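Scroll down for the structure; my scribbles are underneath it.
Small disclaimer: the values here were computed from a predicted structure and weren't measured.
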Amino acid sequence: MNFTLLITVFMTAITLVAAAYIIAKLIGPRSYNRIKGEPYESGIPTRGSSWIPIHVGYYLFAILFLMFDVETVFLYPWAVVVKEFGSMALLSIGFFLLVLVFCLAYAWRKGALEWK
């Protein structure tokens, strides 16, 4: 890949993000008050402290979901080019799915998918 093209893409991205931020600051509404700064959940004001500990199981479940969700997204490009690569593509996706199954079995055996 051409180095100047890469620099041009990065500079364009930085310029567009900066321009969008500046335009939003210039034309965006500015009404600040104390109520807007308070935390809320689903439109209902909170009672007590918002800094309560959350069970780690929720985070573990979310990370596992994202991991398997992102990995299955890799199946779409494979499905597009499977005819072009033939048996090698089938072998590679078989290995990929085997690793996914082993990871799921490991998480299941460790109890990461159980709610306690």
Side-chain angles (χ1 to χ4, degrees):
M1 181 179 233
N2 195 353
F3 187 68
T4 57
L5 178 63
L6 188 64
I7 295 296
T8 305
V9 168
F10 279 126
M11 292 304 292
T12 303
I14 290 170
T15 303
L16 289 175
V17 169
Y21 181 75
I22 291 169
I23 290 171
K25 282 293 187 184
L26 290 176
I27 65 174
R30 291 181 197 92
S31 62
Y32 301 106
N33 58 31
R34 192 174 128 276
I35 295 174
K36 283 187 178 182
E38 291 183 5
Y40 66 95
E41 178 68 33
S42 301
I44 301 170
T46 59
R47 294 186 181 145
S49 175
S50 297
W51 293 97
I52 59 172
I54 305 295
H55 190 267
V56 73
Y58 293 113
Y59 297 112
L60 184 60
F61 194 80
I63 288 171
L64 285 171
F65 172 76
L66 285 175
M67 182 179 69
F68 286 107
D69 194 43
V70 168
E71 286 177 350
T72 55
V73 167
F74 289 124
L75 293 174
Y76 290 110
W78 171 81
V80 171
V81 297
V82 68
K83 286 186 179 181
E84 294 175 19
F85 291 109
S87 62
M88 189 60 184
L90 188 60
L91 197 63
S92 66
I93 202 64
F95 179 71
F96 179 75
L97 291 175
L98 186 68
V99 169
L100 277 180
V101 168
F102 280 138
C103 290
L104 180 62
Y106 177 77
W108 198 339
R109 186 167 182 172
K110 287 292 186 179
L113 302 175
E114 295 176 11
W115 293 101
K116 295 178 183 176

**Fill in**
Nearest heavy-atom contact between R30 and K25 is NH2-O, 2.6 Å
**Prompt:** If Ile, Leu, Val, Met, Phe, Trp and Tyr residues are connected whenever their side-chain heavy atoms lie under 4.5 Å apart, and connections chain through other members, are V99 and L75 in the same group?
**Reply:** no
**Message:** For a side chain to side chain contact (heavy atoms under 4.5 Å, CB included) check, start with the C-alpha distance between F68 and E71, then their side-chain angles and the critical distance, and finish with the verdict.
**Reply:** CA-CA 5 Å; F68 286 107; E71 286 177 350; 4.0 Å; yes
Show me the donor-acceptor pairs, under 3.5 Å and distance only, between side chains in residues 7-19 and residues at least two apart or in other chains.
| from | atom 1 | to | atom 2 | distance (Å) |
| --- | --- | --- | --- | --- |
| T8 | OG1 | T4 | O | 2.6 |
| T12 | OG1 | T8 | O | 2.7 |
| T15 | OG1 | M11 | O | 2.7 |

**Message:** I need the L100 CG to I93 CD1 distance, nearest 0.5 Å.
**Reply:** 8.5 Å
**Request:** Using the rule that two of Ile, Leu, Val, Met, Phe, Trp, Tyr join whenever any of their side-chain heavy atoms come within less than 4.5 Å, decide whether L104 and I63 are in one cluster.
**Result:** no
**Y59 OH to L64 CG distance, which is reported to the nearest 0.5 Å** = 15.0 Å
**Prompt:** Above 12 or not: heavy atoms from other molecules or residues under 6.0 Å from CZ of F85?
**Reply:** no
**Asked** Transitively linked via ILVMFWY side-chain contacts under 4.5 Å: L97 with L91?
**Response** no
**Pairs flagged by side chain to side chain donor-acceptor pair (under 3.5 Å) wherever residues 74-101 is involved - sequence neighbours left out** = none
